[in-house]
Amino acid sequence: MTDQYELYCLADALFYDVPRGDVEEAVFAAARRPLPEGWNRFETDTWVYFAPESGRPLPPQGWKIHVSARADDAEQALAAVWEYCVTRGIAFKFLRGLPVLVMLGSKAASRASSGKLVTIYPADEAQLELVLKDLDELLRGIRGPYILSDLRYGDGPLYVRYGGFAERHCLSDSGERVLAVEDGQGRLVPDVRQAVFTVPPWTTLPAFLAPHLEARNSVTMEGLPYTIEQVLHFSNGGGVYLGRDGRTGRQVVLKEARPHAGLDAAGRDAVARLAHERDILERLAGLPVVPELLDHFTVGEHSFLVMEFVDGVTLQRRLVRRFPLTWATCTEEERAGYAAWAMEVSGQVEAAVAMLHERGVVFGDLHPDNVLLTEDGRVVLIDYEVATLESDGARAALAHPAFVAPQGHEGADVDRYAMACLRLGLFAPQCTIMQPLHRGKAEHLGQIVTDVFPGARVERDVAIIAGEHAWSPPALPGQAPWPEVRQALQRAIAASATPGRDDRLFPGDIAQFQPGRGLCLANGAAGVFYAQLRAGCPPDHQEWLLERARAPKPGWSLGLYDGLYGVAYVLDLLGHRNDALDLLDICRKEKWERLESALFSGLSGIGLVLYHFGLDDAASRAVELCADRLGGPDDVPETSGGGHPRAGLMYGSAGPALLFLHAYERTGDRHLLDLAATALRQDLRRCKAADDGSLQVNQGWRLLPYLDEGSAGIALVLERYLAHRHDDELDDALDRLRLVARSGYFVQPGLFTGRAGIIAAFGAGEAGLRWHALPYAGGLAFPGDQLLRLSMDLATGTAGVLLALASLHAEPRAGLPFLDHGKEVSNDGSPRPAGP
């Protein structure tokens, strides 16, 4: 669920949170049923688990059953499954409530997991067959979306897939800790979950399922005049494909809709919206700003539209390529040239929307990804599935959150609001997502835009977006004195605290709702306390962290940033030495040696914590393991991520390099410098020069400058290495890594993947934080990842900004853990030597 930010926006207007309050009333009735004696129940924010205490133990993996159901059938399906499984002692789980089901069935949901309402765990293949046969009768008439990762049983709502029952983990090919199953040789391998059904090579499909596989494979596009040449886009509602009409040779676009999937706020599925889009396209036929509708048909319950192929690029892609503030070499002339282009293009888009209004149609989903620009200057609006008729005065039930008009806007006003956001967004990309957090922010963005871009005219757009809401400026970095800014940040953090909650103390990223993550450095209380300590602010509510650290639960992560080793480190800095040592003893009993090498969650971070506590022998074991896994400088691909090991400080080779450097600083063994150099060269191998000459991590489809898995984190460790050993080649690489600090714009403000990380790494650019600064509780706060809600955590939010600014202004200079050139801090903020 870590990618489903929309789900965590349901419960609160300002912070990411699990569904609570009124949403709790939508919990399924089966989740509230009393269990008979001898059953165990466990609940998360997503699932409710049920298992009998006695009986035949489940195998760790095998064929599992999934039940799919649309919202209208969910309660009926759950009642039948609950009664069947409980009376027969079969373990199962189901989604806890309707909001979760709707979100997991939405257009933005994961295609690999969508549709799963219930998971049932048969003890063996004989029980698998029996349960499927019985439930096929009991669930007759229940309808739901097709589960793409599974094989469908018959034509009902039952599906099967081979996978893990018990939660086991292994390292993937990219070096990450992932869920695992055991292969034919007894080795743990990744439990791959993708949007296509496969049978693992070490097992076979049960014979009784063979006819169902044949039925699945019999549904093809054969006999149709169209061939698919390329996938343009996938969503949970279906795909968009580039195809060709075999009769004419003409390239076309085919848009697919899956039944009961891709739900919008009105509960309509992708098929209903595609039929609606067909009607809208017929109404708009002949307009040059609308793709021509060519055909429509149905295959295997999936609906398709065939449309004109418009040979162009999206406005969003053109924006990314042209936006000058991301260039280290940006000039005033380039800013003025961009402003002229943006005003011209936005005027063309506005004229295109006006053509729709003349036909009585409200587009309803205007944003840069739905605007195509052709080489000959044509502007085309695409994706009409949520368009409405102006005469209806309705609002779109599915739209981009950065362009959704507030309540009270109806009909054509919805498009006018989105058009204002689009024009302002061309000068402040993605920033309009923040408008619901403080409507007056548009006024502030307008001021920044007119200051930065000569020729930008956004006054009318600002007035439309802000309405009657005025900008109430807090103490802003780069303008107000540091003590005032620090106090404003601290005021916001303190006001957000919820010491009465058990899962988290400070609101942050959605990752904090994973087990134990509400405590950790990256997203939990430990990270906020660390930032406050380094900035000279008093960390309140320390007892909250102490209580939970004294009784950690099984399954909690161990790493420096995501787990308990990091919590122990922060407790020690806060002056709770005995509690820190007690927690460390618990951690050391776990099998930490099997973890990945990453600084964020693995051996390099744990090794650094062990050095901090003077446990040099155990830390040396972490060094040894990281060294054994390292390989040579060229033993990594030239791209990061996408199935390859990731680069950078938190997940790449720079993390082990930092561990090797600390080991060298303690022992003087120069072989450790050689290892650090090799690790750094691995990460530099995965870097590529941008058009402005800056060196950034290459992910194949984009370049990353950020602290966590981008070039800024590599630069921090490389600088530490060069303090010990001169190297002309690496010194030149550091100069090129530093160039990115000259960029004037970053989409997010956070420490790990935003501007704050650039500030912490290179010591420049604090005034740029004004783009994302927001008032909260009389103080200053910042939105987290995706910009949909405020965050107070270290990795994504306000605490990370506090630490970054403290790296510029605080004495001693603040920094991330173990990146202060051999110095650490005590609970009073003063430097102290590493060790016990």
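The basis for the numbers below is simple: all heavy atoms, side chains too, and nothing from hydrogens, waters or symmetry mates.
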Salt bridge (charged side-chain N to carboxylate O under 4.0 Å, His left out) contacts in which one or both residues fall within residues 700-714, not counting sequence neighbours: Arg646-Glu709

Side chain proximity check, Leu521 to Tyr530, heavy atoms < 4.5 angstrom: yes

Sidechain-backbone polar pair: Gln512 side chain, Gly508 backbone, donor-acceptor under 3.5 Å: yes

Pair listing, side chain to side chain donor-acceptor pair (under 3.5 Å) test, anchored in residues 428-446, at least two apart: Tyr417-Arg439, Lys441-His444

Audit row: Val240, Asp383, side chain to side chain contact (heavy atoms under 4.5 Å, CB included) steps and yes/no: CA-CA 11 Å; Val240 180; Asp383 199 351; over 6 Å; no

Close side-chain approach of Pro291 and Tyr384, heavy atoms under 4.5 Å: yes

Side-chain donor or acceptor of Ser711 paired with backbone N/O of Gln696 under 3.5 Å: no

Distance, nearest 0.5 Å, that separates CG of Leu437 from CG of Leu14: 6.5 Å

Derivation of the side chain to side chain contact (heavy atoms under 4.5 Å, CB included) call for Trp482 and Leu808: CA-CA 9 Å; Trp482 160 239; Leu808 299 180; over 6 Å; no

Those residues that, when tested against Arg789, pass side-chain hydrogen bond (donor to acceptor under 3.5 Å, both in side chains) (two or more places apart): none

Closest contact, heavy atoms only, Leu803 versus Ala814: CD1-CB, 3.9 Å

Tyr561 and Asn523: CA distance, side-chain angles, deciding distance, side-chain hydrogen bond (donor to acceptor under 3.5 Å, both in side chains) verdict: CA-CA 8 Å; Tyr561 281 96; Asn523 307 114; over 6 Å; no

Sidechain-backbone polar pair: Thr639 side chain, Gln699 backbone, donor-acceptor under 3.5 Å: no

Residue pairs fulfilling salt bridge (charged side-chain N to carboxylate O under 4.0 Å, His left out) with at least one residue in residues 416-431, sequence neighbours excluded: Glu350-Arg423, Asp413-Arg416, Arg423-Asp461

Closest non-hydrogen atom pair between Val414 and Ala405, with its separation: CA-CB, 4.3 Å

Polar side chain donor-acceptor pair, Asp509 to Tyr5, under 3.5 angstrom: yes

Side chain to side chain, Leu445 and Val462, heavy atoms closer than 4.5 Å: no

Gap between atom OG of Ser791 and atom CD1 of Ile493 - 0.5 Å precision: 9.5 Å

Considering all heavy atoms, the nearest Leu794-Ala531 contact: CD1-CB, 4.0 Å

Reported CG-to-CD distance for the pair Asp785 and Gln748, which is rounded to 0.5 angstrom: 4.5 Å

Salt bridge (charged side-chain N to carboxylate O under 4.0 Å, His left out): pairs with one or both residues in residues 684-694, sequence neighbours excluded: Arg321-Asp691, Asp634-Arg685, Glu638-Arg685, Asp683-Arg686

Gap between atom OG of Ser807 and atom CZ of Arg534 - 0.5 Å precision: 9.5 Å

Minimum-distance pair of heavy atoms, taken over all atoms of Leu319 and Leu426: CD1-O, 3.7 Å

Validation row: Leu816, Leu751 side chains within 4.5 angstrom (heavy atoms): yes

Arg736 side chain vs Ala689 backbone, donor-acceptor pair below 3.5 Å: no

Expected output: side-chain Arg378 to main-chain Pro288 donor-acceptor under 3.5 Å: yes

Nearest heavy-atom neighbours spanning Leu695 and Ala733: CD2-O, 4.1 Å

Trp341 and Tyr338 aromatic ring geometry - parallel, tilted or perpendicular at 30°/60° bounds: tilted

Leu730 and Leu722, any side-chain heavy atoms less than 4.5 Å apart: yes

Derivation of the side chain to side chain contact (heavy atoms under 4.5 Å, CB included) call for Asp727 and Arg681: CA-CA 12 Å; Asp727 186 302; Arg681 284 190 164 90; 2.9 Å; yes

Backbone N/O of Phe323 and side chain of Tyr745: donor-acceptor pair under 3.5 Å: no

Value rounded to 0.5 Å, distance of SG in Cys537 from CG in Leu802: 5.0 Å

Output a table of donor-acceptor pairs, distance under 3.5 Å, between side-chain atoms of residues 767-784 and any protein atom two or more places apart or on a different chain; print 'none' if there are none.
unit_1: His772; atom_1: NE2; unit_2: Val747; atom_2: O; d: 2.7

Test item: Leu716 and Leu658 side chains (from C-beta on) under 4.5 Å apart, heavy atoms: no

Check: Arg317 side chain, Pro368 main-chain N or O, donor-acceptor pair, under 3.5 Å: no

Short side-chain to backbone donor-acceptor contact, Asp415 and Gly364, under 3.5 Å: yes

CG on Leu790 to OG on Ser496, rounded to 0.5 Å: 9.0 Å

Verdict with supporting geometry, Leu805 and Leu489, side chain to side chain contact (heavy atoms under 4.5 Å, CB included): CA-CA 10 Å; Leu805 293 174; Leu489 292 165; 3.9 Å; yes

Shortest non-hydrogen separation from Arg335 to Cys330 and the atoms involved: CG-SG, 3.4 Å

Donor-acceptor contact below 3.5 Å, side chain Ser743 vs main chain Thr326: yes

Residues Asp635 and Gln682: side-chain donor-acceptor under 3.5 angstrom: no

Enclosure of Glu332 CD (heavy-atom neighbours >12, cutoff 6.0 Å): no

Side-chain donor-acceptor contact under 3.5 Å, Gln316 with Thr314: no

Check: Asp365 main-chain N/O paired with Asn370 side-chain donor or acceptor under 3.5 Å: yes

Side chain to side chain, Arg486 and His809, heavy atoms closer than 4.5 Å: no

Side chain proximity check, Leu819 to Leu649, heavy atoms < 4.5 angstrom: yes

